[in-house]
Every structure is written in C-alpha cells, then in structure tokens.
Amino acid sequence: MVFKRTYRQSEADLLIQYKSTGDLNLLGTLYEPYMPLIYGLCLRYLKEESKSEDAVMQIFEQLIKKLRIHEVSNFKSWLYSFARNYCLMELRASGKNITISIDENTFMENELTEHQSFEHDMLETKLSSMEKCLEHLNNEQKKCIKLFYLDQKCYKDICEITGYDISKVKSYIQNGKRNLKICMEKNGDG
Amino acid sequence: MEMDNTYNIIRIQQYLRGELTPEEMNQLERQALEDPFLNDAIEGYAVKGVSHTKLTLLQQRLQDRIAQQPQERSRMLFNSQRLGIAAVACLLFILSCVLFWMINTRDAKKNQGQVALELNTSEPIPSGNGLFIARKLTNQSASPVIGWEAFNTYIKKNTRTAIIGKDVVVLSFEVSEKGRPINITSSKGKPASVKEAKILLEKGPTWTGSNRAEIEFVFE
C-alpha cells in the first residue's frame with residue numbers, strides 16, 4: 001500500500017512538473033510504463049501491429065500538447081479514455097465499421113472509479129445482503145458469479161464446468177456483477 | 001489491486017500461454033473486470049500475442065522522440081523566456097560598455113598627470129626650502145658639472161639679495177671648450193639683477209652637456 005501511494009504521488013508530481021516545464025523526459029517517464037497496455041489496447045481496436053505501433057507514438061505526440069493544457073487527476077483512467085478514443089477515431093477515419101462491443105465497455109468505464117468502494121465496503125460488510133441479491137439473478141449469471149467470485153474459478157474452468165462458451169461466461173459475469181451491484185445499492189438505500 | 005505495469009505485461013503473456021494456475025487466472029480475470037484498460041490490452045494481445053521485441057522497439061522510438069526535444073525547442077526562437085534573457089544580456093553589455101569607457105577616461109587623466117609629473121621631475125628642483133633659484137629653460141641646455149642642487153646652493157650662498165630684491169632673470173650663454181660660460185646675454189630681468197647673475201655665473205662652476213645654455217634665476 002505504501003508503495004502504491006508513493007507511486008501515485010510521483011505520477012501526480014510528474015504531471016504537475018510536466019505541465020509547467022514541458023520537459024519531454026518527464027512525459028516519457030509518465031508514459032513509458034503504460035506503453036504495453038496502450039499497445040495491447042491499440043491491437044484490440046486497430047488489429048494491425050504496424051498501425052498499433054504508430055498509434056502508440058501518435059498518442060504520445062498528442063499528449064505533449066494536451067497535458068500542458070488539461071488538469072488530469074487520475075492519469076491512468078484519463079489515458080485509457082484518451083487512447084481508446086484515439087483508436088476509435090482512427091477506425092472511423094479508415095472507414096471500417098465499428099461493431100466492436102462498445103456497450104460491453106461503457107458500463108465498465110463507470111466502475112473504474114467506483115470499484116474500490118464495491119470491493120472493500122460491499123464485499124466485507126454486506127455479505128448477507130449479497131446472498132439475498134444473488135438469489136435474484138438468473139440461473140446462468142448466478143452460477144457463473146458464484147464460480148468466479150466464491151470458488152475463484154477462471155473463465156476456462158467455468159466453461160468446462162458449465163459447458164457455456166467463453167464469451168457467454170464473460171458476459172454472464174459482467175452483467176451479473178452489474179445487476180448484483182444495483183440490487184445491493186437498492187437494499188442499502190431501503 | 002493495481003500492479004506495476006511491467007509486471008502486468010509478463011502476467012498477461014503467462015495468462016495467454018496458459019502458464020498460470022486457475023487461481024492466478026481468476027485473479028487476473030477479476031482484475032480485468034475492474035480495469036477496462038487491462039481488459040482491452042488482454043483482448044488485444046489475445047489475437048496477436050505478446051511480442052517483447054515490438055515493445056522494446058516502441059520504447060526505443062519513444063526515447064528517440066524525447067531526444068529530439070532540444071531541436072524542437074530551438075525552433076521557438078522568441079519565447080518570453082528567451083526574450084527576457086536577451087534583454088538582460090543587452091543591459092549587461094551596455095553597462096559594461098559604460099563602465100569600460102569610465103575606467104578608460106579615468107586612466108587617461110591619470111596618464112596625463114603622470115606625464116606632467118615626469119616633466120616636473122626633469123626640472124632641477126633643489127631640496128632645502130623647496131624653491132629653486134636657478135634652472136635650465138630648455139632640455140638642450142648645458143648643466144653645471146657639480147649638478148643643479150649644488151649649483152643652487154652655491155647661488156643661494158653667494159647672492160647679495162640686498163642689491164637685487166625680488167626679480168626673475170633669464171640668461172643665455174655659450175659654453176667654452178673648458179666649460180666656462182662665455183658671451184652671456186640676458187632676455188629678462190632688471191640691469192642690477194642681470195649684472196649680479198652674470199657675476200655669479202662667471203665665478204661659478206664649469207658647464208657640461210651642451211655648448212649652449214639658457215638659465216632662469218628666481219630671486220626672492
């Protein structure tokens with residue numbers, strides 16, 4: 001935890017320093033740790049390696065100006081949105097149809113900032129409430145959620161146990177998790 | 001929850017190769033559920049696989065781009081910081097010019113002073129009461145063999161001031177082969193003072209250095 005805190009703090013410091021100086025060394029220090037993630041993200045949307053490599057460099061190029069203007073509090077989530085938007089714009093420019101499961105991702109975006117409260121408060125203090133809510137889920141979601149969160153099975157194992165396709169397993173877990181959260185928030189209010 | 005991002009890429013590779021235990025796979029899958037960034041990256045690498053060579057090349061490209069920075073900056077020739085530095089430099093230059101000029105003019109004055117002093121020292125100023133009685137008027141003039149100081153002492157001793165009073169006498173004469181003053185003429189002074197000075201010269205020491213002399217006597 002201590003490590004995480006200092007790591008984040010230095011990231012915030014780097015952002016402030018870069019904003020005032022424009023020193024590319026600072027921006028490089030900020031950007032480099034995220035390059036593997038950004039490259040993977042670009043591979044997902046752009047599909048081609050050479051295009052993805054150029055995209056990683058172009059995103060850095062755009063950050064040079066953007067980060068001198070914008071106030072960024074959470075660099076990781078900001079960078080994620082920025083990189084993803086860049087890739088989607090590239091796709092639109094190249095004229096390919098964007099049928100990538102955007103819906104699947106938009107709900108997760110909201111959770112990026114909220115997941116910690118869910119993790120720490122909900123799971124530990126409201127276990128009984130969760131038990132009740134679990135019963136409200138449909139069978140597939142309930143089965144997958146239990147296997148994934150309580151029995152700590154991976155997607156592959158869940159596929160084997162349930163016989164569902166891996167993409168089905170994923171969406172059951174994603175949607176089940178969302179429904180669970182909504183249900184528990186309702187209970188918390190009432 | 002958040003891992004170091006270099007740790008992430010190795011973890012992703014292990015996950016995609018099936019090198020992790022089911023528990024570890026579950027852990028990463030959970031993490032990806034919470035972190036869309038990680039989720040998208042895993043989806044991307046799932047198709048193409050993790051290539052460390054490509055990632056290393058990307059890091060190299062980034063470093064090259066950062067190294068271009070100075071050139072980029074030098075293109076912005078007239079930003080406010082540069083203008084500020086230029087203004088200060090100009091001011092310093094002007095100040096140093098003024099200072100240099102002031103020192104120079106002061107030195108010139110000092111030099112003039114030194115020249116005057118040197119001229120004065122070339123004059124035979126006797127010691128004693130600090131006032132000379134006799135001195136040569138031109139540099140080419142002959143000097144007494146005994147020296148100007150002794151000559152002045154001689155004149156001081158032998159002048160009958162009661163006869164002369166206050167007067168300035170200028171005498172020109174030729175120096176004979178034996179060093180005696182001959183053909184003495186006067187260009188300044190009362191006749192009595194001139195006569196007294198002539199006697200002092202004729203009775204005085206021999207002369208050397210030149211065959212002509214022009215001497216000024218100041219009697220007080």
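Only a predicted model underlies this, so the values are computations on that prediction, with no experimental measurement involved. Note on naming: letters A, B, ... go to the chains in the order of the sequence lines (proteins, then strands), and numbering restarts at 1 for each one.
With values rounded to the nearest 0.5 angstrom, B:K48 atom NZ is found 8.5 Å from A:Y39 atom OH. The structure places NZ of A:K156 at 10.0 Å from CD of B:E29, a figure rounded to the nearest 0.5 Å. Atom CG of B:L38 is separated from atom NZ of A:K76 by 6.5 Å, given to the nearest 0.5 angstrom.
The local environment of CG in B:D64 is crowded, with over 12 non-hydrogen atoms from other residues, nucleotides or ligands closer than 6.0 Å. Around atom NZ of A:K142, more than 12 heavy atoms belonging to other residues, nucleotides or ligands sit under 6.0 Å away.
Side-chain atoms of B:D35 and A:Y80, non-hydrogen and from C-beta on, never get closer than 4.5 Å to each other. Counting only heavy atoms from C-beta outward, the side chains of A:Y155 and B:M25 never approach each other to under 4.5 Å. A:E53 has its side chain within reach of B:L58: a pair of non-hydrogen atoms, C-beta onward, lies under 4.5 Å apart. In this structure, the side chains of A:P36 and B:Y45 come closer than 4.5 Å at one or more pairs of heavy atoms. Looking only at side-chain heavy atoms (C-beta outward), B:R65 and A:L24 come within less than 4.5 Å of each other. Side-chain contact check for B:N26 versus A:Y149: every heavy-atom pair is 4.5 Å or farther apart. Residues A:K177 and B:R30 are not in side-chain contact: their nearest non-hydrogen atoms beyond the backbone lie 4.5 Å or more apart.
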Tell me, with the steps shown, if B:L55 and A:M35 meet side chain to side chain contact (heavy atoms under 4.5 Å, CB included).
-> CA-CA 8 Å; B:L55 286 172; A:M35 278 172 84; 5.6 Å; no

From CA spacing to verdict: side chain to side chain contact (heavy atoms under 4.5 Å, CB included), B:D40, A:R84 | CA-CA 9 Å; B:D40 277 2; A:R84 194 162 154 271; 3.6 Å; yes

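Neither the backbone nor the side chain of A:I158 comes within contact range of chain B, judged by heavy atoms closer than 4.5 Å. For B:E24, no part lies near chain A; criterion is any non-hydrogen pair under 4.5 Å. For a residue to count as touching a neighbouring chain, one of its non-hydrogen atoms must lie under 4.5 Å from one of that chain's; by this rule A:I173 touches chain B with the side chain only. Proximity to chain B is limited to the side chain of A:F60, based on heavy atoms less than 4.5 angstrom apart.
Residues satisfying the ring pair (Phe, Tyr, Trp, His ring centres under 6.0 Å) test with B:F219, not counting sequence neighbours, are B:F217. Scored by the salt bridge (Lys or Arg N to Asp or Glu O under 4.0 Å) test, A:K19 finds A:E71 as partners (sequence neighbours excluded).
A salt bridge is absent between A:K153 and B:E23: the closest approach of a Lys/Arg side-chain nitrogen to an acidic carboxylate oxygen does not fall below 4.0 angstrom.
Judged by distance alone, with hydrogens and angles left aside, the side-chain atoms of A:N25 form no donor-acceptor pair with the main-chain N or O of B:I66 at under 3.5 Å.
Between the side chains of A:E32 and B:Q63, a donor-acceptor pair is found at a separation under 3.5 Å.
Classified by interplanar angle (parallel below 30°, tilted 30° to 60°, perpendicular above 60°), the ring pair A:Y34/B:F37 is parallel.
Counting all heavy atoms, side chain and backbone alike, A:C154 lies closest to B:P22 at CB-O, 3.6 Å.
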